[in-house]
Amino acid sequence: SSIRKIGSTRSNLNFEGEFEGMRLLVHNLIRCTKACMSDDPRLELVASRVDPPESKPFKKQFITMMLPRLNWNLFYNTSKSLGIDVPQQMPDDSTTDEQWQAIHSALLEVNVVEGTLTCPECKRVFPIENSVANMLLNEDEV
């Protein structure tokens with residue numbers, strides 16, 4: 001069957017133009033490319049291979065800016081499924097520096113190399129290979 005590319009063509013590049021891979025931040029922000037009717041069709045992640053976190057400069061201001069855009073329950077549950085300890089509740093004034101560092105590490109340093117993303121609404125499965133999620137739809141799915 002033929003495949004037609006739809007949606008945006010954003011890539012996982014950092015500010016220096018280097019490939020960043022499938023980070024939990026990216027996972028939390030992408031949506032199903034089918035026309036799902038859910039209010040929040042964020043994808044469930046099942047990872048079969050994850051690279052160890054690679055140290056990146058701590059960016060608390062960036063994380064704080066991104067918090068309103070995140071589905072915290074999805075992030076918490078995905079982190080937990082990967083064995084990553086992050087606070088169950090979204091950060092606030094009582095969040096310790098150690099917890100902020102854990103959130104930063106989970107969002108920006110963990111790289112999912114192989115796995116799947118599944119839409120909870122339509123059940124469409126999108127493969128992740130070599131840290132890239134294939135979000136293309138078959139022509140009959142458009």
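For clarity, every value in this text was computed on a predicted model and none was experimentally measured.
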Q.
Does Lys60 form a side chain to side chain contact (heavy atoms under 4.5 Å, CB included) with Ile103? I'd like the steps, not just the answer.
A. CA-CA 9 Å; Lys60 183 176 179 180; Ile103 294 164; over 6 Å; no
Q: Output the distance between atom CG (Asn77) and atom CG (Leu82), rounded to the nearest 0.5 Å.
A: 11.0 Å
Q) How many angstroms lie between CE in Met135 and CD1 in Ile128, if you round to the nearest 0.5 Å? A) 9.0 Å
(Q) Quick check: is Ile63 connected to Tyr76 through a chain of hydrophobic side chains (ILVMFWY, heavy atoms under 4.5 Å apart)? (A) yes
**Q.** Separation of Gln99 CD from His104 NE2 (nearest 0.5 Å)
**A.** 15.5 Å
Q. Under 4.5 Å between any side-chain heavy atoms of Asn111 and Val50, yes or no?
A. no
Q) Can you check side chain to side chain contact (heavy atoms under 4.5 Å, CB included) on Asn134 and Glu129, steps first, answer last? A) CA-CA 8 Å; Asn134 181 351; Glu129 297 174 355; over 6 Å; no
Q: Determine yes or no for a side-chain-to-main-chain donor-acceptor pair under 3.5 angstrom, with Asn138 supplying the side chain and Asp140 the backbone.
A: no
Q) Does any donor atom in the side chain of Arg42 or Asn28 lie under 3.5 Å from an acceptor atom in the other side chain? A) yes
Q.
A quick test of your reading: do over 12 heavy atoms of other residues, nucleotides or ligands sit less than 6.0 Å from CG of Asp51?
A. yes
**Q.** Phe75 CZ to Leu24 CG distance, which is reported to the nearest 0.5 Å
**A.** 6.5 Å
Q: Give, for atom CG of Leu107 and atom OG of Ser79, the distance between the pair rounded to the nearest 0.5 Å.
A: 7.0 Å
Q. Looking at Leu45, Val46, Leu43, Val125, which hits side-chain contact (heavy atoms from CB on, under 4.5 Å) with Thr118?
A. Val125
Q: Check whether any side-chain heavy atom of Pro87 lies under 4.5 Å from a side-chain heavy atom of Trp100, and answer yes or no.
A: no
Q) Should Thr95 and Met90 be marked as a side chain to side chain contact (heavy atoms under 4.5 Å, CB included) after you check the CA-CA gap, both sets of side-chain angles, and the distance that decides it? A) CA-CA 9 Å; Thr95 304; Met90 188 175 284; over 6 Å; no
**Q.** Check against side chain to side chain contact (heavy atoms under 4.5 Å, CB included), Phe62 and Leu108
**A.** CA-CA 10 Å; Phe62 175 76; Leu108 300 176; 4.0 Å; yes
Q. When rounded to the nearest 0.5 angstrom, what distance separates CG in Leu137 from CZ in Arg124?
A. 5.5 Å
Q) Between Trp72 (side chain) and Pro91 (backbone), is there a donor-acceptor pair under 3.5 Å? A) no
(Q) If hydrophobic clusters are built from ILVMFWY residues whose side chains come within less than 4.5 Å, do Met66 and Val86 share one? (A) yes
(Q) With heavy-atom distances below 4.5 Å as the criterion, would you say the side chains of Met22 and Val132 are in contact? (A) no
Q. Hey, does the side chain of Ser105 reach the backbone of Ala102 with a donor-acceptor pair shorter than 3.5 angstrom?
A. no
Q.
With a 4.5 Å cut-off on side-chain heavy atoms, are Ile30 and Phe126 touching?
A. no
Q.
Within the supplied structure, the quantity of interest is the number of heavy atoms (other residues, nucleotides, ligands) at a distance under 6.0 Å from Gln101 CD; does it exceed 12?
A. yes
Q | Side-chain (Arg23) to main-chain (Glu109) donor-acceptor, under 3.5 angstrom | A | yes
Q | Glu121/Arg31 ion pair, N-O < 4.0 Å | A | no
Q) So, do Val26 and Val112 sit near enough that their side-chain heavy atoms are less than 4.5 Å apart? A) no
Q: Spell out, as yes or no, whether a donor-acceptor pair under 3.5 Å connects the side chain of Glu44 to the backbone of Pro120.
A: no
Q. Given side chains that start at C-beta, do those of Glu54 and Val110 come closer than 4.5 Å, heavy atoms only?
A. no
